[in-house]
Amino acid sequence: MKTFYVTTPIYYANGEPHAGHAYTTIAADALARYHRIKGNEVFFLTGVDEHGANIDKTAETEGLSPQAFCDKLAPIFTKLWERLNISNDIFLRTTSELHKRGIKKFLTALYESGDVYKAPYEGYYCRPCERFFPEKELADDKICPIHKLPLEWVKEENYFFRLSKYQDRLIQHYNENPDFVYPESRRNELLNVLESGLEDTSISRSSVSWGIPLPFDPEHIAYVWIDALPNYITALGYDADSERYHKFWPADVHMMAKEITRFHALLWPAMLMAANLPLPKQIVAHGWLTKDGEALSKTRGIFIDMDGDIGTYGVDAFRYYLLREFSFGNDGDYRPARLHARYNADLANDLGNLLNRVLGLVNKNFDEIPVPTTPDDIDEEIKGMAQTTVDQLDAQMETLAFDTALETIWEFVRRVNRYIQQTEVWTLTKPETKPRMGTILYNSLEALRFISVLVSPFIPDTAEKIQKQIGLTEFDTVAEWGRLPAALKVSKGEPIFPRVDLKKEKAPKSDAVKPKQKSDKKTTDLISFADFQKLDLQVGNVISAEPIEGADRLLKLQVDLGTEKRQVVAGIAEHYKPDILIGKQVIVVVNLEPATIRNVESQGMILAASGDSVVLATPETEVPLGTKVR
RNA sequence: GCCGGUGUAGCUCAGUGGUAGAGCGCACGACUCAUAAUCGUGUGGUCCGGAGUUCGACUCUCCGCACCGGUACCA
């Protein structure tokens with residue numbers, strides 16, 4: 001028996017899961033379920049990554065200890081996975097003892113490889129900021145750009161992993177395993193990165209407290225990614241050298257969204273090489289979801305209403321839509337209108353109605369599933385198509401082409417509808433034609449059983465419902481023609497996908513949208529009024545604006561402050577056309593030390609609201625140039 | 001800016017150096033077993049624009065435009 005180990009990332013648990021997480025997890029689930037029905041022994045991992053400064057910070061704003069915060073969040077993930085019918089074998093938390101033991105062992109192995117070294121990190125350190133400032137960011141006076149306080153020269157010991165050493169071996173691995181990173185576009189990107197050179201990476205943080213101490217130096221905490229990536233082996237029982245670990249590692253597929261491929265496809269394999277462990281077989285990156293053409297955004301309130309859509313159409317429709325309409329490597333645009341269309345056309349009309357009409361005919365004409373006694377050419381054709389459908393499906397799943405895989409199954413669904421149409425079964429009620437009717441209905445039911453098997457990785461609930469309605473008591477996972485026993489009692493048949501009317505759907509809309517308020521956020525990084533007063537902010541007028549050669553985001557502005565003119569570089573080119581800016585009043589940080597960006601001197605900065613979009617801060621009504629802002 | 005990708009019917013996408021394809025949508029017809037379902041027929045495209053190679057290009061080359069991704073700049 002073949003084994004198959006598939007993972008999702010362990011999601012960073014500093015907020016609630018969203019549709020992007022759901023997409024990755026559903027895709028991985030479909031893959032896992034597919035391999036199960038193929039008879040492979042599958043292990044499917046998902047989980048949460050619970051350490052690091054960000055979680056610490058978020059917990060603090062909620063007034064919780066980091067552990068309490070994680071304990072609160074983890075069940076939100078597991079509940080969603082239950083709702084989405086995710087068949088994971090483990091839900092790994094990095095705060096679990098299993099993981100901590102494994103990490104300890106792994107980091108020890110890494111350390112013993114000789115590729116971890118302690119290096120003094122020295123530089124200008126700002127106590128209030130708790131960070132170092134690279135020399136190139138500082139002017140001659142060496143004061144903190146934020147606090148305007150003198151910086152200390154501090155030496156800190158830090159652990160580094162000799163990532164650079166693995167550059168060549170990684171390139172070689174990529175070349176020898178063309179499918180190591182999929183899709184190819186990602187692979188090429190990473191090869192570019194590899195060829196331009198890797199730098200050693202810091203693997204510890206001494207300023208962070210929420211995490212796992214390095215086993216060889218407990219004063220230092222493992223950097224989150226160093227803590228997180230090995231979860232794929234710790235979850236298998238790497239710590240105890242368990243049987244499961246040996247059975248399933250190396251993983252067959254690490255599935256993830258595209259933004260984290262770097263860590264998985266460079267750092268993780270290098271770490272494994274250092275620890276002398278086998279590499280995962282494939283790193284798979286899918287695209288992002290947008291909603292009606294817009295990027296998802298918490299601040300702008302653009303999100304996918306999973307809850308609402310699942311409520312309206314059901315989990316399987318949601319899964320079906322994501323897997324059917326989005327082609328893997330690319331970004332996918334989530335559109336409720338498309339979900340609706342898919343639901344009615346593919347699920348309700350094609351599949352749901354097929355089941356219903358066949359069951360109706362059986363019930364009306366037979367007491368139980370009839371025995372096929374009068375074979376015909378057309379029956380053979382159906383049987384043949386069942387087999388070719390399986391073959392095509394196998395090929396498509398090999399490349400994770402869920403969309404075409406489902407299309408292939410649906411071609412068969414439509415063929416069965418046509419079979420019924422062509423044979424006009426419903427007319428064959430006379431005694432002499434009744435056996436033929438029985439044969440056709442048997443074949444139709446068997447086709448439905450067959451379809452239910454093929455469809456089960458994608459829409460598992462539906463698959464079960466179909467078999468149950470056909471009269472099978474135990475789910476049959478084998479896609480071989482002719483396994484359906486005759487003489488079963490068929491159920492009356494409730495529509496498995498009742499049509500959804502757009503009108504009805506409108507009702508529960510009003511209360512759905514409201515984005516959640518971030519409540520009583522405690523601010524910890526307070527500055528004194530004196531600190532604030534150090535800022536010299538003035539109103540200026542943009543008198544010219546032009547793009548900077550070789551920079552997509554930068555504009556060179558001349559700003560008139562009344563008493564003087566300043567040249568300022570601003571990173572707003574993506575949001576403002578130069579001509580629009582001219583004549584606009586802006587707020588300028590006047591006493592900012594000058595800097596040279598892209599060979600252009602910038603004597604200050606202009607203020608803008610900067611989130612998903614960038615909007616200039618400007619006085620509400622026009623004021624004299626040089627007016628102080630405070 | 002540099003590197004890579006994409007641009008084909010209203011929508012989602014296949015596709016090939018030789019007269020353009022599927023599903024959905026839409027129109028018409030058939031059927032009435034079924035969830036106003038199904039089946040058939042049809043509608044619909046300057047295959048991003050321009051130039052070139054070729055007997056012939058949507059398919060190859062070059063230039064350009066748009067969008068996407070990676071990377072640099074973001075005071």
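Here is the naming used below: chain letters follow the sequence lines, and residue numbers restart at 1 for every chain.
N356(A) places its CG atom 14 Å from the C1' atom of A36(B), with the value rounded to the nearest Å. Counting to the nearest Å, the P atom of A34(B) and the CG atom of L351(A) are 18 Å from each other. Summarising the geometry, the separation between CZ on F326(A) and P on A14(B) is reported as 14 Å, rounded to the nearest angstrom. If you take CD of E325(A) and C1' of U12(B), they are 5 Å apart, rounded to a whole angstrom. Following rounding to the nearest Å, L355(A) (CG) and A37(B) (P) show an atom-to-atom distance of 17 Å. For N344(A) and A37(B), the CG to P distance is 8 Å, given to the nearest whole Å. Between R342(A) atom CZ and C13(B) atom C1' the separation is 9 Å, expressed in whole Å. Atom-to-atom, CG of L359(A) to P of A34(B) comes out at 12 Å; the value is rounded to the nearest Å.
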- Step-by-step salt bridge (charged side-chain N to carboxylate O under 4.0 Å, His left out) determination, R186(A) to E184(A): CA-CA 5 Å; R186(A) 295 287 144 202; E184(A) 203 182 348; over 6 Å; no

- Message: Using the rule given for ring pair (Phe, Tyr, Trp, His ring centres under 6.0 Å), can you reason through Y334(A) versus Y23(A), listing the C-alpha separation, both sets of side-chain angles and the distance that settles it, and then say yes or no?
- Response: CA-CA 11 Å; Y334(A) 187 97; Y23(A) 180 52; 9.9 Å; no

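As judged by a 4.0 angstrom heavy-atom cut-off over every strand, D346(A) is placed among residues making no nucleic acid contact. Using a 4.0 Å heavy-atom distance criterion, A348(A) is classed as a base contact. Using a 4.0 Å heavy-atom criterion, one finds that S602(A) contacts the sugar-phosphate atoms exclusively. At a threshold of 4.0 angstrom between heavy atoms, the contacts of R324(A) with the nucleic acid are absent. Contacts of I496(A) with the nucleic acid, taken as non-hydrogen atoms under 4.0 Å apart, include base atoms. Backbone-only engagement by V569(A) is indicated by non-hydrogen atom pairs under 4.0 Å involving sugar-phosphate atoms exclusively. Residue contacts for R566(A): at a heavy-atom cut-off of 4.0 Å it reaches no nucleic acid atom on any strand shown.
Across every strand in view, A51(B) sits in a pair with U61(B) that passes the Watson-Crick or G-U test at under 3.5 angstrom. Base pairing analysis places G21(B) opposite C13(B); the two distances defining the Watson-Crick or G-U wobble pair are each below 3.5 Å. With a cut-off of 3.5 Å on both Watson-Crick or G-U wobble distances, the partner of U38(B) is given as A30(B). Nucleotide U71(B) is matched to G1(B) when pairs are restricted to Watson-Crick or G-U wobble geometry with both distances under 3.5 angstrom.
Between C47(B) and G17(B), the two C1' atoms lie 15 Å apart (nearest whole Å). Using atom P as the reference point in both U59(B) and U16(B), the two lie 13 Å apart (nearest Å). Separation of the P atoms belonging to U6(B) and C13(B) is 14 Å when rounded to the nearest angstrom. Comparing C58(B) with U8(B), their P atoms are spaced 15 Å from each other, to the whole Å. Atom P of G21(B) sits at a distance of 15 Å from the matching atom of G15(B), rounded to the whole Å. To the nearest whole angstrom, the two C1' atoms, one in G10(B) and one in G25(B), are 7 Å apart. Distance noted for atom C1' between G44(B) and C33(B): 33 Å (whole Å). As rounded to the nearest Å, U38(B) and G4(B) have P atoms that lie 47 Å from one another.
R566(A) and Q538(A) form no side-chain donor-acceptor contact under 3.5 Å, judged by distance and modelled atom types alone. Under 3.5 Å, the side chains of Q396(A) and T408(A) contain a donor-acceptor pair of N or O atoms. Checking Q467(A) against S452(A) by side-chain atom types alone, a donor-acceptor pair falls below 3.5 Å. Counted by atom type alone, Q603(A) and Q567(A) present zero donor-acceptor pairs between their side chains at under 3.5 Å.
At the phosphate of U38(B), OP1 or OP2 sits under 4.0 Å from a side-chain N or O atom of N349(A). Phosphate contact (OP1/OP2 of C13(B), side-chain N/O of R338(A), threshold under 4.0 Å): absent. K258(A) has no side-chain polar atom (N or O) that falls below the 4.0 Å cut-off from OP1 or OP2 of G70(B).
Nearest-nucleotide positions on RNA chain B for V193(A) and R335(A) put R335(A) closer to the 5' end.
Looking at heavy atoms from C-beta onward, H340(A) lies in side-chain contact with V500(A) at the 4.5 angstrom threshold.
Checked by distance alone, R598(A) brings no side-chain donor or acceptor within 3.5 Å of a matching partner on the base of C73(B).
Summarising the geometry of Y320(A) relative to D346(A), their closest heavy-atom pair is OH-OD2, 2.7 Å, with the distance given to 0.1 Å.
Within residues 410-449 of chain A, the residues approaching RNA chain B are R414(A), N417(A), R418(A), Q421(A), W426(A), by heavy-atom distance under 4.0 Å.
Taking the ring axis of F366(A) as reference, the NZ or CZ atom of K434(A) stays within 45° of it and closer than 6.0 Å to the ring centre.
Aromatic pair W225(A)/Y12(A): centroids not less than 6.0 angstrom apart.
Taking the side chain of N353(A) as heavy atoms from C-beta on, and the options A34(B), G69(B), C11(B), the nearest nucleotide is A34(B).
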